[in-house]
Number of protein chains: 2
Amino acid sequence: MVLSIAKGSIPLYMQIKDLLVARVTEGEWAPGDIIPSEMQLARELNVSQGTVRKAITELVENNVLVRRQGRGTFVAAHDGDRALFHFFHIVNDSGTKILPESKTLSCRRKRASRQEVSKLKLPYGAQVVCIERIRKLDDQPIIIETIILPAESFGDLGKRQAGNLPNTLYELYETQFGITIHRAEEQLRAVAATDRDASLLGLDAGTPLLEIERTALTLGGTPVELRTSRCNTSRHYYQNTVL
Amino acid sequence: MVLSIAKGSIPLYMQIKDLLVARVTEGEWAPGDIIPSEMQLARELNVSQGTVRKAITELVENNVLVRRQGRGTFVAAHDGDRALFHFFHIVNDSGTKILPESKTLSCRRKRASRQEVSKLKLPYGAQVVCIERIRKLDDQPIIIETIILPAESFGDLGKRQAGNLPNTLYELYETQFGITIHRAEEQLRAVAATDRDASLLGLDAGTPLLEIERTALTLGGTPVELRTSRCNTSRHYYQNTVL
DNA sequence: TAGTGGTCTAGACCACGAG
DNA sequence: TCGTGGTCTAGACCACTAA
């Protein structure tokens, strides 16, 4: 990659951003890895430290990189904190947020439905991994989740029954399959509990549930997870901050 | 205000941020106003342009200021776009977002309930303005909204029946009452439609509705609006992006 | 102590908008 | 043409971390 500084071209720091993003998406630097120091990058790319700094600053704001003073700059990795603060929005009535414990009900493979093919941009007839689990908050079953993953990208997940899957799946995707979730789109609706919902959550059929349909994407923008959560919101709610 | 650069003190650009925020919250600069140029501020505060620039950059990311190349830097103001992109999240099934038309059902004053007193941090027994309206999307009544405002801050709103209120209330708060909404906290639940909900929305009682409880805050963090929206999500949904 | 990121400065030139 | 914000540079010093 050659940086160009021709008149009216894309700013240098933008080109550097793209270059750094490429090195992350192409796996040259993995999540948790340290990247070269600002001075090293500046020398390598023949720009000033300030220009590299500006590129890195924007990637930090973007949750792609993490800076640690005195240590260096690292590729952002999924830990429990990120799962809790960025990707989990259910809070109990007293306003405190805790990650629920999860119990895997099933984890198997099947042919993708028409909707799944379309949302995951899969070829017709592709296989998907289908996970169903139930999540407890304050010792009560509150959330039923159905998760769909493109089988091709997830090794042998779902081929053999795997027992209980870890609570923070995004950490699993990252460490086991080299797939990092970067952002997600959520669509929320109110729906009536089906008989199955009702029995799993200990409610009456027809009880209003909050349904969250999430599409999770990699840094490159590829959709890699479809997740439908149905939540009993009688003692919990979905918390969102609008800026 | 004197900027201090003592060892181990708060960085200069942070102090400048606070100072600029103060000038906005205290009304020295109103929404839509141009603020002094970076060079003018740098001279006034005896710092370099780069330091002022860094302060302003963060306030722009914070939606407090807006930069326009070649023109200057302005205090952010509420227009239809901001209402639509930042503060309205209901989208129809084909994924397009449009601001609903609103019909005001009532706008009157009353004594604040215990909950309203608590959430708006009002003195016991304070008056509030209570607005009820219904909002149409794609020509169908989809949302019922109840809005609570501290009467003290909103002049004579609700004293005389005011006919139909404008669609984008935050513009009204800003231009008529000098109150700028900066951010909001939303709590979402699934609830069953009451008889009144049902008749207003043309549904059966008990139909699941998405309830959004929003607390809107000024830049200073003072809560100034409580808004409860109940939405028919059979053909629409609440869209949220998770970063 | 050496190396990293964090803050701050001073000054150059570019791109845009208004008069 | 002038003033604004936008990009880029070069270099100083501070604060933190690890060896």
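All values below were derived from every heavy atom in this structure, side-chain atoms included, with hydrogens, water molecules and symmetry-related copies excluded. The structure presented is a predicted model; accordingly, all values stated were derived computationally and were not measured. Here is the naming used below: chain letters follow the sequence lines, and residue numbers restart at 1 for every chain.
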Out of D:dT9, C:dC8, C:dT9, which has the shortest distance to the side chain of B:Tyr13? C:dC8
Distance-only donor-acceptor check, side chains A:Thr218 and A:Arg183, under 3.5 Å: no
For atom CD of A:Gln15 and atom P of D:dT7, their distance in whole Å: 12 Å
When the distance from CG of B:Leu12 to C1' of C:dT9 is rounded to whole Å, what number comes out? 11 Å
If you measure only the distance, is there a donor-acceptor pair under 3.5 Å linking the side chains of A:His89 and B:Asn240? no
In whole angstrom, give the distance that lies between atom CG of A:Leu65 and atom P of C:dG6. 12 Å
Side chains of B:Tyr238 and A:Glu186, donor plus acceptor under 3.5 Å: no
Is there a side-chain contact between B:Gln40 and the phosphate of D:dT4, meaning an N or O under 4.0 Å from OP1 or OP2? yes
Is there a side-chain contact between B:Thr51 and the phosphate of C:dT9, meaning an N or O under 4.0 Å from OP1 or OP2? yes
B:Thr241 versus A:Glu185, side-chain donor and acceptor atoms under 3.5 Å: yes
Please report, rounded to the nearest Å, how far the P atom of D:dG5 is from the CD atom of B:Glu38. 5 Å
Quick check on contacts: within residues 66-77 of chain B, what sits under 4.0 Å from DNA chain C by heavy-atom distance? B:Gln69, B:Gly70, B:Arg71
Given ring-ring contact (aromatic ring centres under 6.0 Å, His included), test A:Phe87 with A:His78 step by step and report yes or no. CA-CA 10 Å; A:Phe87 289 97; A:His78 275 282; 5.7 Å; yes
Using atom CZ of B:Arg53 as one end and atom C1' of C:dC8 as the other, report the distance to the nearest whole Å. 14 Å
May I have the distance from A:Ile35 (atom CD1) to C:dG5 (atom C1'), rounded to whole angstrom? 11 Å
Counting only side-chain N and O atoms of B:Ser37, is one of them less than 4.0 Å from OP1 or OP2 of D:dG3? no
Atom-to-atom span, CG of A:Leu45 to P of D:dA10 - whole angstrom: 14 Å
Is any side-chain nitrogen or oxygen of A:Lys54 closer than 4.0 Å to OP1 or OP2 of D:dC8? no
First locate atom CD1 of B:Ile10, then atom NZ of B:Lys17, and finally report the distance between them rounded to the nearest 0.5 Å. 11.5 Å
Looking only at side-chain N and O atoms, does B:Arg133 offer a donor or acceptor that is under 3.5 Å from a partner on B:Thr104? no
Roughly, in whole Å, what's the span from CD1 in A:Ile34 to P in C:dG3? 14 Å
